Protein chains: 2
Amino acid sequence: MPQTTKTRRVTAADIARSLGISRATVGFVLNDTPGQTISPATRTRVLDEAARLGYRPHIAARALASGRTRIVMLVLPDWPLDFNLRRNIEEASLALDEAGYALITYTPHPTGRARPLWETLQADVVMAMTTWAPGQVESLRAAGVTRIFPDPEAPPAAEWHEEGPVLQVQHLVDLGHRSIAFAGSADPRIADLVTMRRALANSAAGDLGLDQLPTADLDLTDASAGAAIADWRAAGVTGIVAYNDDVAAALTGAALRLGLTVPGDLSIIGHDDTPLASTFEPRLTTIRVDTVGLGRFFAELALSSVEDRPEPTAGPELRVALIERTSTAPIG
Amino acid sequence: MPQTTKTRRVTAADIARSLGISRATVGFVLNDTPGQTISPATRTRVLDEAARLGYRPHIAARALASGRTRIVMLVLPDWPLDFNLRRNIEEASLALDEAGYALITYTPHPTGRARPLWETLQADVVMAMTTWAPGQVESLRAAGVTRIFPDPEAPPAAEWHEEGPVLQVQHLVDLGHRSIAFAGSADPRIADLVTMRRALANSAAGDLGLDQLPTADLDLTDASAGAAIADWRAAGVTGIVAYNDDVAAALTGAALRLGLTVPGDLSIIGHDDTPLASTFEPRLTTIRVDTVGLGRFFAELALSSVEDRPEPTAGPELRVALIERTSTAPIG
DNA sequence: TAGGGTGGCTAGCGCGCGCAAGTGCACGAA
DNA sequence: TTCGTGCACTTGCGCGCGCTAGCCACCCTA
């Protein structure tokens with residue numbers, strides 16, 4: 001026989017029995033069920049007894065009966081979680097917690113043996129950081145998940161991080177740079193993001209009257225960064241837009257080791273405002289993303305969906321911002 | 001778009017009905033229930049029908065009936081998740097997935113309104129990165145969670161990251177440094193970790209015949225790092241053991257901006273081997289932790305517990321390692 | 001021919017909860 | 001007095017699943 005635990009958990013039935021009332025009444029009190037009138041006396045008796053016995057609702061039973069879990073599942077991609085993302089998640093988690101929801105993170109493994117968790121754990125909302133793979137959407141639908149973000153139906157809309165690359169290019173152009181390169185990452189897991197940021201940078205360059213940006217994908221080794229810099233220098237490049245701060249740091253280090261100065265010979269701008277990037281010398285000019293605001297926005301998105309409120313619109317506070325430091329300078 | 005087709009999920013009863021057999025038989029096939037003999041013909045018919053209908057077991061119902069969820073919950077502290085931790089989690093997640101378990105992360109919020117998730121979501125195992133707070137253990141126990149890591153009963157045993165600070169001090173001493181300082185972080189969320197690493201560094205210093213290390217807790221601003229360096233330089237310090245790479249980076253940048261050279265005037269060693277730290281100039285000497293091995297170890301810990309196998313012992317591959325780069329040099 | 005397995009299945013309970021439908025009762029209006 | 005009517009509850013079903021306790025051939029033995 002399946003002996004679950006030594007200490008059986010306290011159930012609503014225990015409260016009812018102990019008080020000599022029906023289980024339904026206990027349920028009505030504990031859930032504040034609308035349309036049910038309970039006398040104040042009974043109400044306090046139930047609440048007191050629940051507290052005394054240390055009652056905790058069993059989420060599985062509740063999920064089974066109501067179809068709701070008060071869980072928001074955030075599906076993480078397998079790429080490295082940077083500092084910003086973590087703050088973001090943390091903030092969303094906090095906001096959801098205040099609303100009585102729990103945020104959990106989960107990373108699906110396409111090669112794994114276990115079924116994706118959303119097929120079995122009935123989260124109220126399932127959110128992802130990027131767009132869904134086709135198979136995932138199908139799997140989510142089959143599992144009966146109806147609240148999905150980003151909405152697979154909607155076209156790949158304006159993304160919140162869309163303006164970063166634009167600001168990067170704009171900044172270098174403002175400083176007088178006309179020959180600018182884009183440094184991506186060779187990590188295949190973030191290929192989509194790299195492609196997107198590159199496209200945005202190129203688009204901004206076009207708007208400012210520049211040609212397509214020369215491009216290289218780095219693997220964060222000194223050799224890789226050094227080779228790219230040598231090529232670009234030979235082509236007259238004076239400013240580099242990096243996919244993120246890690247790439248910018250690799251380029252900066254490699255440039256210094258090649259005997260160049262930053263920003264004297266080469267201006268380099270990163271993206272994401274990693275804390276470490278602001279402390280090293282030279283301190284990295286970069287793009288800051290409002291991770292806290294973004295986290296709250298995500299939480300609000302989930303809550304509005306689950307409570308049938310209209311979706312919030314991204315406010316101006318979610319704009320990205322240029323952080324000027326000492327890795328970029330006017331051309332000269 | 002608001003009205004989604006209300007897709008009822010496929011249940012085991014659907015399979016049974018469609019095949020004209022009993023629900024129990026379906027259950028026996030799908031679970032490979034030991035002690036039940038099922039004819040190969042029926043077995044394949046059930047499996048085929050399950051596949052055809054897209055059957056997914058409902059985890060809440062299973063949890064309710066069996067008391068097991070095949071979920072391992074990793075409780076994250078609210079401190080910043082660094083790169084290593086993320087790799088660690090990722091690897092553990094992968095290993096658990098292969099064993100048919102899902103790893104979810106969850107951060108409890110002491111100030112929040114929602115009850116801690118472990119009280120309601122019946123995870124098979126609940127693990128934490130640090131030691132438990134007293135109230136948490138109580139809450140876990142009350143919720144009927146029996147598989148808890150680290151074991152609240154066991155004394156705070158030898159930690160896996162215990163040797164890092166020792167290696168840091170050892171390395172500087174090997175290079176001839178005798179006047180060494182310890183730079184911690186002022187972030188209150190990681191105060192415990194800072195304290196622990198400082199104690200280990202001091203203990204190592206004692207073993208090597210040094211006095212207690214002078215100490216400062218930095219907040220990652222240039223001012224804070226610069227002030228500490230000025231003090232230490234005045235006291236004749238030539239080597240700094242940093243709590244982690246972020247602190248080391250702040251110190252290095254501040255030193256350079258004060259006109260000092262690293263490692264010429266000051267040797268600085270970090271901890272954690274953050275990728276960004278290896279690319280900047282000077283490249284940071286640091287301590288590498290085997291995050292992948294550690295992740296697998298955590299997964300194995302959880303699995304052994306849930307399957308009643310003996311606990312694995314940490315192998316030698318989990319040892320930390322010194323990564324010598326260019327931020328440290330012999331005194332002279 | 002009876003008796004005793006045993007392979008292959010079914011009936012049905014219970015996990016803890018939400019909630020629809022009902023029940024008894026007091027009280028005020030007709 | 002009778003009849004609503006609203007209050008304060010109770011009865012009881014069903015969510016989907018795991019699993020125990022049968023049940024009924026069928027075959028093998030004596």
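All chains are named by letter (A, B, ...) in the order of the sequence lines, taking the proteins before the strands, and each is independently numbered beginning at 1. These numbers come from a predicted model, not from an experiment.
As rounded to whole Å, 5 Å separates atom P of D/dG18 from atom CZ of B/R62. Taking atom CG on A/D14 and atom P on C/dC15, their separation rounds to 11 Å, with Å as the unit. To the nearest angstrom, P of D/dC15 lies 14 Å from CZ of B/R9. A straight line from NE2 of A/H58 to P of C/dG18 spans 12 Å, rounded to a whole angstrom. Following rounding to the nearest Å, A/Y55 (OH) and C/dC17 (P) show an atom-to-atom distance of 4 Å. For the pair A/R56 CZ and C/dC15 C1', the interatomic distance rounds to 20 Å; values are reported in whole Å. When rounded to the nearest whole Å, the span between CG of B/L53 and P of D/dG16 equals 14 Å. Distance B/L64 CG to D/dC19 C1': 14 Å, rounded to the nearest Å.
Although no hydrogens or angles enter the test, the distance criterion places a donor-acceptor pair under 3.5 Å between the side chain of B/S39 and the main chain of B/T42. Counting only distance, with no hydrogens or angles, the side chain of A/H58 and the backbone of A/R56 share no donor-acceptor pair below 3.5 Å. A donor-acceptor pair under 3.5 Å links the side-chain atoms of B/R70 to the main chain of B/G100, judged by distance alone. A/W132 places a side-chain N or O within donor-acceptor distance of the main-chain N or O of A/P150, the cut-off being under 3.5 Å. Between the side chain of B/Y106 and the backbone N or O of B/L117, at least one donor-acceptor pair lies under 3.5 Å. No donor-acceptor pair closer than 3.5 Å links the side chain of B/R147 to the backbone N or O of B/L303. Formation of a donor-acceptor pair under 3.5 Å by the B/N31 side chain with backbone atoms of B/G27 is found in this model.
For B/R62, the salt bridge (Lys or Arg N to Asp or Glu O under 4.0 Å) test picks out no residue, with sequence neighbours left out.
Residues A/V10 and B/S39 each lie close to DNA chain C; by heavy-atom proximity, the contact nearer the 5' end of the strand is made by B/S39.
At a non-hydrogen distance threshold of 4.0 Å, nothing from residues 43-52 of chain A comes into contact with DNA chain D. Annotation: proximity of residues 21-36 of chain B to DNA chain D (heavy atom, distance under 4.0 Å) is found for B/R23, B/A24, B/F28, B/N31, B/Q36, numbered in ascending order.
For the pair B/T42 and C/dC9, the criterion of a side-chain N or O lying under 4.0 Å from OP1 or OP2 is met.
Distance from the side chain of A/T37 is smallest to D/dC7 among C/dG8, D/dC7, D/dG16.
Contact annotation for A/S66: backbone-only contact, meaning every heavy-atom pair under 4.0 Å involves sugar-phosphate atoms and none involves a base.
The CE atom of B/M127 sits 12.0 Å away from the CG atom of B/L76 when rounded to the nearest 0.5 Å.
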